[in-house]
Amino acid sequence: MGKSTIRSAFPYFVGLAVAAALFFYTTQIEYTPRPNALGPDFWPRLAIGLMSAACLFEIVRIFLGLKSDTHGVADAIEKDAEEEPAKSYPGLLIGGIVLVTVYAIVVDTLGFLLSTFLFLSAFMYLGRYRKHVMVWSVSAIITLLAALIFMRFAYVSLPRGAPPFDAFTDFVRIILGG
């Protein structure tokens, strides 16, 4: 076990520490349990558990000396430092930041579903993807899947939007059978 092994595993130990801290914060969530309903701590704990499992898997893989098709984080950083500098697109970065900011501002007015649909479409166009049918189809499918996951499985209350935009949320609820 050399320095390179420890260096390769270090980001995953950091990930485990972050997961432990996040898990501790989920123990502070106070709520009144309801029969046959998941508590508000279920989904965060599930995500934290998956994050921990991935970190543990990578730590074991590194210490056993098993190779993977992808390089560890430390190897990727070293390799990136040796390669030619990549093209940068500061305008796209600023555009993405603006889109996320606008999304956060309008989500209460337009509602989660409509604002998500428009955000996804705008983000793909900003990313220079120009197959219009794909942009709008993927945006619609992801929006419907998000609605299904949040409204039917996770039971999360999403912003409906202000009138007349709340009609879109009601339309999607009807489509999903509720």
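Under the 4.5 Å side-chain heavy-atom criterion for Ile, Leu, Val, Met, Phe, Trp and Tyr, Leu92 and Val135 are members of the same hydrophobic cluster. Under the 4.5 Å side-chain heavy-atom criterion for grouping Ile, Leu, Val, Met, Phe, Trp and Tyr, Val18 is not connected to Leu56 through any hydrophobic cluster. Under the 4.5 Å side-chain heavy-atom criterion for Ile, Leu, Val, Met, Phe, Trp and Tyr, Ile142 and Met124 are members of the same hydrophobic cluster. Neither Val133 nor Tyr125 shares a network with the other; the hydrophobic side chains, linked directly or stepwise wherever heavy atoms of I, L, V, M, F, W or Y lie under 4.5 Å apart, form separate groups for each. The cluster map of Ile, Leu, Val, Met, Phe, Trp and Tyr, joined by side-chain heavy atoms under 4.5 Å apart, puts Ile62 and Phe10 in different clusters.
The salt bridge (Lys or Arg N to Asp or Glu O under 4.0 Å) pairs that include a residue from residues 31-44 are Asp41-Arg45, where partners are two or more places apart or lie in different chains.
Looking at residues two or more places apart in sequence or on another chain, you find a salt bridge (charged side-chain N to carboxylate O under 4.0 Å, His left out) between Asp170 and Arg160. Legend: residues meeting side chain to side chain donor-acceptor pair (under 3.5 Å) with Thr143, ordered by chain and number and at least two apart, are absent. When the side chain to side chain donor-acceptor pair (under 3.5 Å) test is applied to Trp43, no partner is found at least two apart in sequence or on another chain. Shown here are the side chain to side chain donor-acceptor pair (under 3.5 Å) partners of Tyr25, two or more places apart in sequence or in another chain: there are none.
Nearest heavy-atom pair across Lys87 and Tyr89 is CD-OH, 3.5 Å. The shortest heavy-atom contact between Val172 and Ala147 is CG1-CB, 3.8 Å. Closest of all the heavy-atom pairs between Ile48 and Ala19 is CG2-O, 3.4 Å. Taking both residues in full, the closest heavy atoms of Tyr129 and Met134 are given as CE2-CB, 3.8 Å, listed atom of the first, atom of the second, then distance. Across every non-hydrogen atom of Gly96 and Leu126, the tightest pair is N-CD2, 3.3 Å. Scanning all heavy atoms of the two residues, the minimum distance from Leu110 to Ser115 falls at CB-CB, 4.1 Å.
Counting only heavy atoms from C-beta outward, the side chains of Val100 and Phe119 approach each other to under 4.5 Å. Looking at Leu120 and Val138, their side chains never come closer than 4.5 Å, going by heavy atoms from C-beta outward. Under the 4.5 Å side-chain criterion, counting only non-hydrogen atoms from C-beta, Thr169 is not in contact with Leu114. Taking 4.5 Å as the limit, every side-chain heavy atom of Pro44 sits out of range of all side-chain heavy atoms of Leu22. Ile59 is listed as a side-chain neighbour of Leu16, based on a closest heavy-atom distance under 4.5 Å.
More than 12 non-hydrogen atoms from other residues, nucleotides or ligands lie less than 6.0 angstrom from CD of Gln28. Counted within 6.0 Å of CZ on Phe42, heavy atoms from surrounding residues, nucleotides or ligands total more than 12; the atom is thus considered enclosed.
The distance from atom CG of Leu50 to atom CG of Leu46, rounded to the nearest 0.5 Å, is 5.0 Å. Expressed to the nearest 0.5 Å, how far CD1 of Ile175 lies from CG of Leu148 amounts to 12.0 Å. Atom CG of Leu118 sits about 8.0 Å away from atom CZ of Phe168, to the nearest 0.5 Å.
Ring-plane geometry between Phe13 and Phe63 is classed as perpendicular, the angle between the planes exceeding 60 degrees on a 0 to 90 degree scale with a lower cut at 30.
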Given side-chain contact (heavy atoms from CB on, under 4.5 Å), test Tyr12 with Val14 step by step and report yes or no. CA-CA 5 Å; Tyr12 302 108; Val14 171; over 6 Å; no

Go through the steps to decide whether Tyr103 and Thr116 satisfy the test side-chain contact (heavy atoms from CB on, under 4.5 Å), and finish with yes or no. CA-CA 8 Å; Tyr103 175 78; Thr116 299; 2.8 Å; yes

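Between the side chain of Thr26 and the backbone N or O of Phe23, at least one donor-acceptor pair lies under 3.5 Å. Side chain of Ser139 to backbone of Ser121: a donor-acceptor contact under 3.5 angstrom is found.
Taking the ring centroids of Phe112 and Phe150, they lie under the 6.0 Å cut-off.
Cluster note: Ile97 groups with Leu93 through ILVMFWY side-chain heavy atoms spaced under 4.5 Å, whether in direct contact or through intervening members.
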